[in-house]
Amino acid sequence: MTDLKNINLEKCLELLKGKKISSKELVSFYLKEAESNKKLNAYISLNSENAIKSAEESDKRIAKNQARPLEGVPLAIKDLFCTKDILTTAASKMLKNFKPTYESTVTKKLWDAGAILLGKTNLDEFAMGSSNETSFFGASINPWSKDNKQYVPGGSSGGSASAVSGNITIAAIGTDTGGSIRQPASYCGIVGLKPTYGRCSRWGIVSFASSLDQAGPMTKTVNDSALMLDVMAGHDKKDSTSADLEKTNFYKNLKNSKKLKIGIPKQYKNDQLSKEIVKFWELGIEFFKKNNCEIVEIDLPHTEYALATYYIISSAEASSNLARYDGIRYGLRKNSEDINDLYEQTRSDGFGDEVKRRIMIGTYVLSAGYYDAYYLKAQKVRSKIINDFNQAFEKVDVIFTPTAPSDAFEQGSKIDDPIQMYLNDVFTVPVSLAGLPAISVPIGLSSNNLPLGFQIIGKRFDEDSVLSAAKIIEESANFKKEKN
Amino acid sequence: MDIDKKLVKKIATLSRIKIEENEVERFSNELSKIISWVEKLNEVDTKDIIPITNPSDIKIPYRKDEINDGKIKDKILKNAPEKKAGYFIVPKVVE
């Protein structure tokens, strides 16, 4: 009997296509595992009945040798993707009963490729957070938690990271606005890829900040991420910012290793960075050198302004996007005789504190008299940050940095200090502002025996180099996934 | 910039979020801290810099202005908290 618990996506496909296991066995096994690991709180809802039915359909196709690329594979989907007739909450009280009448483009592509929805995963409310603690459904837990302490899985795609790391799904998808795929991947010891802005359609993803949001895979290996992204990527008429490019071949291209020029930004080596992170950074550089890569120091002079820029722009876009929750057309409603009172009561009751803070910050920076000083200023600094990257990429193929300034922290330790929480995203946010692709790949364990990931950033639409470099780290680090 | 209690109330109204009297001070402190923190951007010289709204270099494509769905009234109304005879129900707005 194969150990179904520890298999990755590649292995899973091999077993299914070789008819060593049936999809029904696999899906039943993972539903049971998900049920018995409820303490992780990784799922907001499980798709139990439908998943078994879909697995039976997949088994029929496999029997007839009509298997599609992801035929019969159970996947966990962040509860920010609209799934037709299936609860989609964004982890908010506002949408706790919302069942969309349509399917997001990215999830539709996955189902059309034969994948099966196992369940919808937990997240920070409306993807606003770095610890999963702002979820209306309670925080998801990092499977690496130990010594009776509860560590956060990171956020906002914390439930997806927890599910992959806790072996209660084969793979997952998340969304990344300022680091929401990469930071939880680092905290949970998995691979998380944020593709180039425009690579995947945003249609049917509950909007947070439209100039930053991007869907991506969260998987056990680099190969698995490439496999997933090949299915998820592609132009969509329903998203005017999605890129009309040739069909991707990330998985196939990974077999040809490239000689890469690796950039190390000196501004990321600040005084606050722990010795431990610096040590792993040097280790990673050694890995690249051993694989005939050239190391080049680069300059990203506006790095220290990225977080402030991000919080102005993302909050401004959020305040505009979340204006749709008015209690009239869908979602929660608090009734009143007066229309303004109805709006205010509904939004006060439906949104949590972090979402309210961001809507108010966004409203303020867009308001008359303050627009130029904050929002317009941030848009200009964003131009400068993008220019920094453009110049750096004239000299290098990819950039190598830590994913986050620390390993996972304990639940409750930062939730009362918004700015401390925002600092988790210091290395991931500049990439988001520039719309570049970046991956987090595990490199080792911290002195506290928790996973640490490192980030590889690429040029626009050059996920191939990002994946290639990630593969070097993955193979050299040989990260042990066994938890104590 | 200090976001005082009066300004918090104004922002809350613009945001259509009701804030209880006992929450005003907390939001004033939190928002003031965040806004002071983002004012770090004033250090950056942005003279003659073009602001950007989107990192994509894709030109937004034109499309024909034509209806390509329709007859989805039931779908649109399906999640309405209150509806009647094919309409959303709202409080009386015009006196």
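Hydrogens, waters and symmetry mates are skipped; everything else that's a heavy atom, side chains included, is used. Every chain is numbered from 1, with letters handed out A, B, ... down the list of sequences. The shown structure was predicted, so the numbers you read here are calculated from the model rather than taken from an experiment.
- When heavy atoms are compared at a cutoff of 4.5 Å, A:Lys237 does not approach chain B at all.
- For A:Tyr370, the part lying near chain B is the side chain, with the backbone staying farther off; criterion is any non-hydrogen pair under 4.5 Å.
- Of the atoms belonging to A:Asp244, not a single heavy atom falls under 4.5 Å from chain B.
- Of the atoms belonging to A:Ser319, not a single heavy atom falls under 4.5 Å from chain B.
- For A:Ile339, the parts lying under 4.5 angstrom from a heavy atom of chain B are both the backbone and the side chain.
- Applying the side-chain contact (heavy atoms from CB on, under 4.5 Å) rule to B:Pro81 yields the partners A:Arg333; only residues at least two apart in sequence or on another chain are considered.
- Between chain B and the options A:Val365, A:Asn335, A:Leu322, A:Asn97, heavy-atom pairs under 4.5 Å are most frequent for A:Asn335.
- When heavy atoms are compared at a cutoff of 4.5 Å, A:Ile313 does not approach chain B at all.
- No donor-acceptor pair under 3.5 Å is formed between the side chain of A:Lys356 and the backbone N or O of B:Ala12.
- Formation of a donor-acceptor pair under 3.5 Å by the B:Arg16 side chain with backbone atoms of A:Tyr343 is not found in this model.
- Proximity to chain B is limited to the backbone of A:Ser242, based on heavy atoms less than 4.5 angstrom apart.
- Both the backbone and the side chain of A:Leu376 come within contact range of chain B, each with at least one heavy atom under 4.5 Å from a heavy atom of that chain.
- Under a 4.0 Å N-O distance rule, the pair A:Asp353/B:Arg26 qualifies as a salt bridge.
- In this structure, the portions of A:Ile328 lying under 4.5 Å from any heavy atom of chain B include both its backbone and its side chain.
- With a 4.5 angstrom heavy-atom cutoff, A:Ala434 touches chain B only via backbone atoms.
- For chain B, the nearby part of A:Tyr197 is the side chain; its heavy atoms alone come within less than 4.5 Å.
- Contact annotation for A:Ser336: only backbone heavy atoms (N, CA, C, O) come within less than 4.5 Å of a heavy atom of chain B.
- Residue A:Lys99 qualifies as open at atom NZ: its count of foreign heavy atoms under 6.0 Å is 12 or below.
- There is no contact between A:Tyr102 and chain B, counting heavy-atom distances below 4.5 Å.
- Side-chain contact check for B:Lys78 versus A:Tyr330: every heavy-atom pair is 4.5 Å or farther apart.
- Remark: the backbone N or O of B:Asn54 is not paired with any side-chain donor or acceptor of A:Ser211 at under 3.5 angstrom.
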(message) One pair to check against side-chain hydrogen bond (donor to acceptor under 3.5 Å, both in side chains): A:Lys384 and B:Thr46. What are the steps and the verdict?
(response) CA-CA 8 Å; A:Lys384 292 196 119 177; B:Thr46 50; over 6 Å; no
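- To the nearest 0.5 Å, the span separating CG on A:Asp416 from CD on B:Glu30 amounts to 8.5 Å.
- Contacts of A:Ala323 with chain B are absent, with no heavy-atom separation under 4.5 Å from either backbone or side chain.
- Interface remark: of the candidates B:Ile19, B:Thr53, B:Val93, B:Thr53 forms the most heavy-atom pairs closer than 4.5 Å to chain A.
- A salt bridge links B:Lys40 with A:Glu304: the distance from a Lys NZ or Arg NE/NH1/NH2 to an Asp or Glu carboxylate oxygen falls below 4.0 Å.
- To the nearest 0.5 angstrom, A:Met360 atom CE is 5.5 Å from B:Ile17 atom CD1.
- Side-chain contact of B:Ser56 with A:Thr241: a donor-acceptor pair under 3.5 Å is absent, judged by distance alone.
- Atom NZ of B:Lys33 and atom CZ of A:Arg357 lie 10.5 Å apart (nearest 0.5 Å).
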